[in-house]
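Everything below concerns the one structure shown next.
So that the names make sense, note that chain A is the first sequence line, chain B the second, and so on, each numbered from 1. Note that the structure is predicted; figures quoted are calculated from it, not measured.
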There are 2 protein chains.
Amino acid sequence: MNTKKQAPEIPDCKEQLIAIKDTMILLSGKWKIQIIGWLLLYGKVRFMDLLRGIDGIAAKMLSKELQELEQNQIVVRTVMPTKPITVEYELTEHGKTLSGVIEAISAWGVTHRKFLFKK
Amino acid sequence: MNTKKQAPEIPDCKEQLIAIKDTMILLSGKWKIQIIGWLLLYGKVRFMDLLRGIDGIAAKMLSKELQELEQNQIVVRTVMPTKPITVEYELTEHGKTLSGVIEAISAWGVTHRKFLFKK
DNA sequence: CGGCTTAGTTTCATAGAGGAAACCGGTTTC
DNA sequence: GAAACCGGTTTCCTCTATGAAACTAAGCCG
C-alpha cells in the first residue's frame with residue numbers, strides 16, 4: 001500500500017472552516033472589527049467621529065480600513081454637501097448582517113472578563 | 001469656553017467596544033480562529049493532524065499559536081504516553097464558550113458567499 | 001489675511017508577523 | 001545502522017502592517 005500515514009479517520013467538515021477563513025480575510029486588520037462595532041452602535045458616523053472615538057487609530061489606518069470595507073460592500077461612504085465638507089460612513093444592509101458576529105465577539109469579551117475574575 | 005469641538009452628542013457605549021477589543025487581542029493572528037474552529041469540530045486533535053489539516057500553516061506558527069491559546073486557557077495540551085509520543089490538544093471548558101463566536105463567523109462566511117453570488 | 005475645520009494623502013521609519021528550511025531527541029521499524 | 005514518525009525548536013530572512021508626522025485642498029470665520 002502506498003499511503004503510509006494512517007488512514008485519516010478525520011471527517012470532512014471543511015465547508016465551515018473555509019467559511020471561517022473567508023470571513024477572517026475580510027475582517028483582517030487591527031481595526032476593522034472595532035470600526036464595524038462603532039457603526040453598529042452609532043449608525044451614521046463621520047470620519048472625525050471615528051478618528052476621535054476609536055482609541056489609538058491614526059488617520060491613515062482609518063482611511064485604509066474604511067476603503068477596504070467599502071470595497072467589500074460592508075460600508076457606504078457618503079459625501080455630504082455641508083459647509084466644511086463632511087463624509088458619513090454607515091453599514092450597508094449586507095454590513096448589518098455582521099451584527100451577529102460582532103455581538104458574539106462582544107459578548108464573549110464579557111464572558112472572558114468574568115472568567116478571569118472568577119479564577 | 002475651552003472646548004472648541006462641538007459637544008459630543010455621542011452616547012457612551014464603550015463597554016461593548018472594549019469587550020470587542022479584549023476578545024480580538026486574544027484571537028489575533030492569522031491562524032487562531034481557524035485552529036479553534038478545528039478543535040470545535042474535531043474535539044481532541046494531535047499536533048500533526050492540525051499541521052496537515054490546516055492548509056498552509058507552518059510548524060512554528062502552529063506551535064506558537066497553540067502556546068498562546070494555552071496561556072489564555074482556551075486550549076489544553078496533553079502529552080500521551082504512546083509509542084512515538086503524541087500530544088493532544090483540545091478546548092478547555094472556557095475555550096468551548098467561543099463556539100458562539102466561531103459559529104457566527106462561519107455562518108457569516110456562508111451568508112457572504114451567497115451575497116456575492118446573488119449580485 | 002491668518003487660522004481653524006474636515007477629510008484625507010504622502011512620506012518615512014520600524015517592529016514584528018509570518019514563512020522556509022534545517023535541526024533535535026526519542027522511539028519504532030526495516 | 002538507516003530511515004521514518006512525532007512534536008517541536010532554532011535560525012534566518014522578508015514583507016507588510018502599523019504608526020508618527022507633515023502636508024494638501026477646500027471652505028468658513030473674524
Side-chain angles (χ1 to χ4, degrees), chain A residues 1-10 21 24-35 38-39 44-72 75-90, chain B residues 1-10 21 24-35 38-39 44-72 75-90:
Chain A
M1 215 190 283
N2 246 349
T3 51
K4 300 181 182 181
K5 333 262 170 166
Q6 75 284 17
E9 328 136 14
I10 301 207
K21 207 172 175 181
M24 295 320 292
I25 288 171
L26 293 196
L27 300 186
S28 69
K30 196 174 173 182
W31 304 106
K32 289 203 189 71
I33 293 187
Q34 281 187 77
I35 291 171
W38 250 79
L39 295 176
K44 283 186 188 172
V45 169
R46 287 179 300 120
F47 187 86
M48 275 297 159
D49 292 335
L50 290 169
L51 191 57
R52 290 198 266 255
I54 298 181
D55 191 39
I57 199 170
K60 191 188 76 171
M61 275 299 113
L62 180 55
S63 174
K64 203 201 69 181
E65 301 280 63
L66 285 169
Q67 280 171 26
E68 290 176 24
L69 290 173
E70 202 190 350
Q71 277 167 31
N72 289 315
V75 151
V76 224
R77 193 183 98 111
T78 315
V79 179
M80 307 298 286
T82 47
K83 20 224 168 152
I85 195 179
T86 56
V87 178
E88 280 182 0
Y89 290 91
E90 66 181 319
Chain B
M1 218 192 279
N2 246 349
T3 51
K4 300 181 181 182
K5 334 261 170 167
Q6 75 285 20
E9 329 136 13
I10 301 208
K21 207 172 175 180
M24 295 320 292
I25 287 171
L26 293 196
L27 300 186
S28 69
K30 195 175 173 181
W31 304 104
K32 289 205 189 71
I33 292 186
Q34 280 187 77
I35 291 171
W38 251 78
L39 296 176
K44 283 186 186 170
V45 170
R46 287 179 301 124
F47 187 84
M48 276 297 160
D49 292 335
L50 290 168
L51 191 56
R52 289 198 267 257
I54 299 180
D55 191 39
I57 198 170
K60 190 188 80 173
M61 273 300 112
L62 180 55
S63 175
K64 203 199 70 182
E65 302 279 63
L66 284 170
Q67 280 171 28
E68 291 177 23
L69 290 172
E70 203 190 347
Q71 278 168 31
N72 289 315
V75 151
V76 224
R77 194 183 98 112
T78 315
V79 178
M80 307 298 286
T82 48
K83 19 224 169 157
I85 195 179
T86 56
V87 179
E88 282 182 358
Y89 291 90
E90 66 182 318

With [X], which residues qualify under side chain to side chain contact (heavy atoms under 4.5 Å, CB included), at least two apart?
X: A:Glu90; result: A:Lys44, A:Val76
X: A:Leu26; result: A:Asn72, B:Trp108, B:His112
X: B:Lys32; result: B:Ser28, B:Glu65, B:Glu68, B:Leu69
X: B:Met48; result: B:Leu51, B:Arg52

What is the separation between atom [atom1] on [X] and atom [atom2] on [N], rounded to the nearest whole Å?
X: A:Leu62; N: C:dT10; atom1: CG; atom2: P; result: 16 Å
X: A:Phe47; N: C:dT5; atom1: CZ; atom2: P; result: 16 Å
X: A:Met80; N: D:dG27; atom1: CE; atom2: P; result: 17 Å

Quick check for you: to the nearest 0.5 Å, what is the distance between A:Leu66 atom CG and A:Tyr89 atom OH?
5.0 Å
For A:Gln67, which residues count as a side chain to side chain donor-acceptor pair (under 3.5 Å) partner, sequence neighbours excluded?
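Here the qualifying residues are A:Ser63.
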Protein within reach of the bases, or only the backbone? For nucleotides 12-30 of chain C, mark each nucleotide 5' to 3' as B, S or -, using heavy atoms under 4.0 Å.
------BBB------SS--
With a non-hydrogen cut-off below 4.0 angstrom, is B:Glu88 in contact with a base, only sugar-phosphate, or nothing?
nothing
